[in-house]
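Sequence lines set the chain letters: A, B, ... in the order given, protein chains first and strands last, and positions in each chain run from 1.
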There are 2 protein chains.
Amino acid sequence: MSEPSYRRMDVDERRAQLLERGAELFTSHRYDELSMNKIATEVGISKALLYHYFPSKQAFFEETLSAWAERLRVRTEPDPNLPPVEQLTASLDAFLGLVEENSGAYRNLIQSATAVAEIRDLVEEVRRATAERILSGLYPAGAPPKARTAVSGWLWFMDGACLNWIEHRDIEREELRDLLLGVLMGSLIATGSPPELPQVS
Amino acid sequence: MSEPSYRRMDVDERRAQLLERGAELFTSHRYDELSMNKIATEVGISKALLYHYFPSKQAFFEETLSAWAERLRVRTEPDPNLPPVEQLTASLDAFLGLVEENSGAYRNLIQSATAVAEIRDLVEEVRRATAERILSGLYPAGAPPKARTAVSGWLWFMDGACLNWIEHRDIEREELRDLLLGVLMGSLIATGSPPELPQVS
DNA sequence: TACGGTGTTGACCGTCGGTCAATAAGCACC
DNA sequence: GGTGCTTATTGACCGACGGTCAACACCGTA
């Protein structure tokens with residue numbers, strides 16, 4: 001007589017579909033540009049169903065990006081066999097590569113990252129953890145306060161420089177990487193307590 | 001018979017009142033924490049009257065902070081008679097002083113600064129103008145791209161370091177100032193095109 | 001005391017994130 | 001091929017948001 005007005009899907013299948021489409025949408029639009037209604041319409045379901053699978057917009061956002069976060073974590077994971085500075089260089093290279101490949105998504109993230117309180121907290125947490133990783137790598141015996149301030153600021157520097165890089169694209173990736181490295185080392189020297197590193201041959 | 005249900009005020013008087021109370025509210029709460037309804041209730045008027053005096057929430061926000069922006073501009077205005085680095089030092093000192101005196105307001109600004117698209121654009125414009133001022137002071141003949149990237153990143157560094165400073169308060173203002181100066185100079189040296197400065201005696 | 005200009009308001013709009021009882025898809029069984 | 005059951009899915013609703021508008025009422029003036 002009449003065809004069904006909606007299609008019933010297996011829970012896991014539906015969930016996977018929502019996560020996939022969500023990742024597409026959230027990497028191509030800012031967080032605050034997308035309403036749950038728009039997302040649902042885009043996917044072809046009702047907003048209520050979206051809320052049936054995810055408790056809130058923020059939770060949905062986080063889950064869609066968890067695959068990305070994992071990719072970032074893996075690609076920037078430092079190799080503990082390398083000396084500290086080379087670990088940093090490699091991580092930075094990987095990070096900049098990811099940013100370059102997905103500049104639009106990165107810009108949207110950083111901007112909406114700060115565009116919404118919950119997302120801001122999320123990014124701040126990532127920054128805090130990254131700072132910790134860097135500090136414990138460079139100051140195994142414990143980092144002085146000024147070094148912490150310097151690294152914390154440097155992470156902001158990195159985002160600012162990356163946004164500028166994406167916008168203008170007038171320097172090479174290697175140049176940016178060396179600039180960032182130089183700034184980090186320069187800042188730590190400026191604290192008066194530079195890390196003790198094995199001499200570069 | 002019955003007392004008036006509202007008080008009629010002179011336009012200028014009302015406007016001044018709204019700006020004053022608005023500044024109080026916006027420096028003690030984040031942009032997204034305050035609704036136009038709350039503001040109106042707080043002042044004791046209707047939301048519609050708020051919109052009679054200001055075209056939008058964003059415009060109201062900007063106008064309430066214009067006095068602040070002016071104060072910032074005046075206090076950080078560099079003295080053109082001083083050498084470039086001392087201009088920077090003095091501006092930085094003034095800036096950090098303002099931040100220290102109004103740390104809550106600063107944190108709210110930077111956070112809500114980024115909390116809403118329009119405000120983010122506003123802060124980015126301030127950053128852009130500041131970068132321009134610094135670059136033209138250090139590179140009168142024109143700044144190379146890497147220097148622009150470095151200064152742009154450094155302004156983010158400054159905000160990041162200031163937030164960290166406010167949060168922890170574990171270093172002195174002079175230390176932070178010197179750290180910031182050192183990082184800026186260090187970054188410019190790291191670009192490979194340091195500014196040509198008169199030698200410090 | 002009546003007038004009128006204008007400062008001020010309540011009621012309304014569309015959209016937001018979020019909730020809930022009611023509905024219907026589609027499999028299992030007869 | 002019908003019938004029932006599980007449960008995936010939905011329309012309708014909520015309070016709050018930024019924003020708009022015609023109508024109202026305060027108060028100086030004549």
Side-chain angles (χ1 to χ4, degrees), chain A residues 1-22 25-26 29-65 112 115-122, chain B residues 1-22 25-26 29-65 112 115-122:
Chain A
M1 190 88 66
S2 62
E3 61 236 22
S5 65
Y6 63 85
R7 211 188 115 217
R8 247 176 114 105
M9 286 177 68
D10 181 79
V11 170
D12 292 343
E13 190 185 351
R14 177 67 84 192
R15 193 184 166 78
Q17 179 206 19
L18 293 180
L19 285 175
E20 186 183 348
R21 299 284 289 117
L25 291 169
F26 275 126
H29 302 80
R30 279 204 319 271
Y31 182 84
D32 53 334
E33 280 176 347
L34 289 169
S35 72
M36 289 299 259
N37 232 328
K38 278 186 197 145
I39 295 170
T41 304
E42 193 70 27
V43 180
I45 60 170
S46 69
K47 183 177 61 163
L49 189 58
L50 209 42
Y51 277 99
H52 177 72
Y53 282 90
F54 304 95
S56 69
K57 184 184 181 184
Q58 184 205 341
F60 181 49
F61 178 77
E62 291 180 21
E63 288 209 45
T64 57
L65 290 182
S112 61
V116 172
E118 297 84 0
I119 313 301
R120 182 186 54 236
D121 294 344
L122 203 149
Chain B
M1 192 90 64
S2 61
E3 60 235 24
S5 65
Y6 64 83
R7 208 187 119 218
R8 250 179 113 108
M9 285 176 70
D10 181 79
V11 170
D12 292 343
E13 190 186 350
R14 176 69 83 191
R15 194 182 166 79
Q17 178 206 17
L18 294 180
L19 285 175
E20 187 184 347
R21 299 285 289 118
L25 291 169
F26 275 127
H29 302 79
R30 281 205 317 273
Y31 182 84
D32 53 332
E33 280 175 346
L34 289 170
S35 72
M36 289 299 259
N37 232 327
K38 278 185 197 148
I39 296 171
T41 304
E42 193 70 27
V43 180
I45 61 169
S46 69
K47 184 176 62 163
L49 188 58
L50 211 42
Y51 278 99
H52 177 72
Y53 282 90
F54 305 95
S56 70
K57 184 184 181 184
Q58 184 206 341
F60 182 49
F61 179 77
E62 291 180 21
E63 289 209 46
T64 57
L65 264 58
S112 63
V116 171
E118 297 84 359
I119 312 300
R120 175 177 10 108
D121 295 344
L122 202 149

Please check the phosphate of dC16(C) (OP1 and OP2 only) for any side-chain N or O of Ser35(A) closer than 4.0 Å.
yes
Taking the nucleotide of DNA chain C with the closest heavy atom to each, which residue, Gly44(B) or Met9(A), is nearer the 5' end?
Gly44(B)
Considering only heavy side-chain atoms of Lys38(A), the closest of dC16(C), dG19(D), dT10(D) is dC16(C)
Give the rounded distance in Å between these two atoms: CZ of Arg15(A) and P of dT9(D).
13 Å
Taken to the nearest whole Å, CD/Gln17(B) to C1'/dG7(C) is 13 Å
Going by atom types only, do Gln17(A) and Glu13(A) share a side-chain donor-acceptor pair under 3.5 Å?
no
Look at the side chain of Tyr51(B) and decide which nucleotide, out of dG10(C), dG19(D), dC16(C), has an atom nearest to it.
dG19(D)
So Arg14(A) and His52(A), do their side chains get closer than 4.5 Å, heavy atoms only?
no
Name the closest nucleotide to the Tyr53(B) side chain, picking from dT9(C), dA24(C), dG7(C).
dG7(C)
As an exercise, state the distance from CZ of Phe60(B) to CG of Leu34(B), rounded to the nearest 0.5 Å.
9.5 Å
Indicate, with a heavy-atom threshold strictly under 4.0 Å, whether Leu34(B) touches base, sugar-phosphate, or nothing.
sugar-phosphate
Using a cut-off of strictly less than 4.0 Å, decide whether Ser5(B) has a side-chain nitrogen or oxygen near OP1 or OP2 of dC26(D).
yes
Rounded to the Å, how far apart are Lys47(B) NZ and dT8(C) C1'?
15 Å
Would you mind telling me which of dC20(C), dG7(C), dT9(C) lies closest to the side-chain atoms of Ala48(B)?
dT9(C)
Value in whole Å for how far the P atom of dG11(D) lies from NE2 of His52(A)
16 Å
Report yes if a side-chain nitrogen or oxygen of Arg14(B) is closer than 4.0 Å to either non-bridging phosphate oxygen (OP1 or OP2) of dT8(C); otherwise report no.
yes
Would you mind telling me which of dG18(D), dG7(C), dG17(C) lies closest to the side-chain atoms of Lys57(B)?
dG18(D)
Both conditions, 6.0 Å and 45 degrees, for the charged tip of Lys57(A) above the ring of Tyr31(A): are they met here?
yes
Of the listed nucleotides dC27(D), dA24(C), dG17(C), the one nearest the side chain of Tyr6(A)
dA24(C)
Distance, rounded to the nearest Å, where Ile45(A) contributes CD1 and dT23(C) contributes P:
21 Å
Met36(A) CE to dT9(D) C1': how many Å, rounded?
15 Å
Leu18(B) side, atom CG; Thr64(B) side, atom OG1 - distance, nearest 0.5 Å
10.5 Å
Whole Å only: how far is the CG atom of Asp32(A) from the C1' atom of dG17(C)?
14 Å
Out of dT6(C), dT10(D), dG10(C), whichever nucleotide has its closest atom nearest the side chain of Ser46(B)
dG10(C)
Using whole Å, report how far CZ of Arg8(A) lies from P of dT10(D).
11 Å
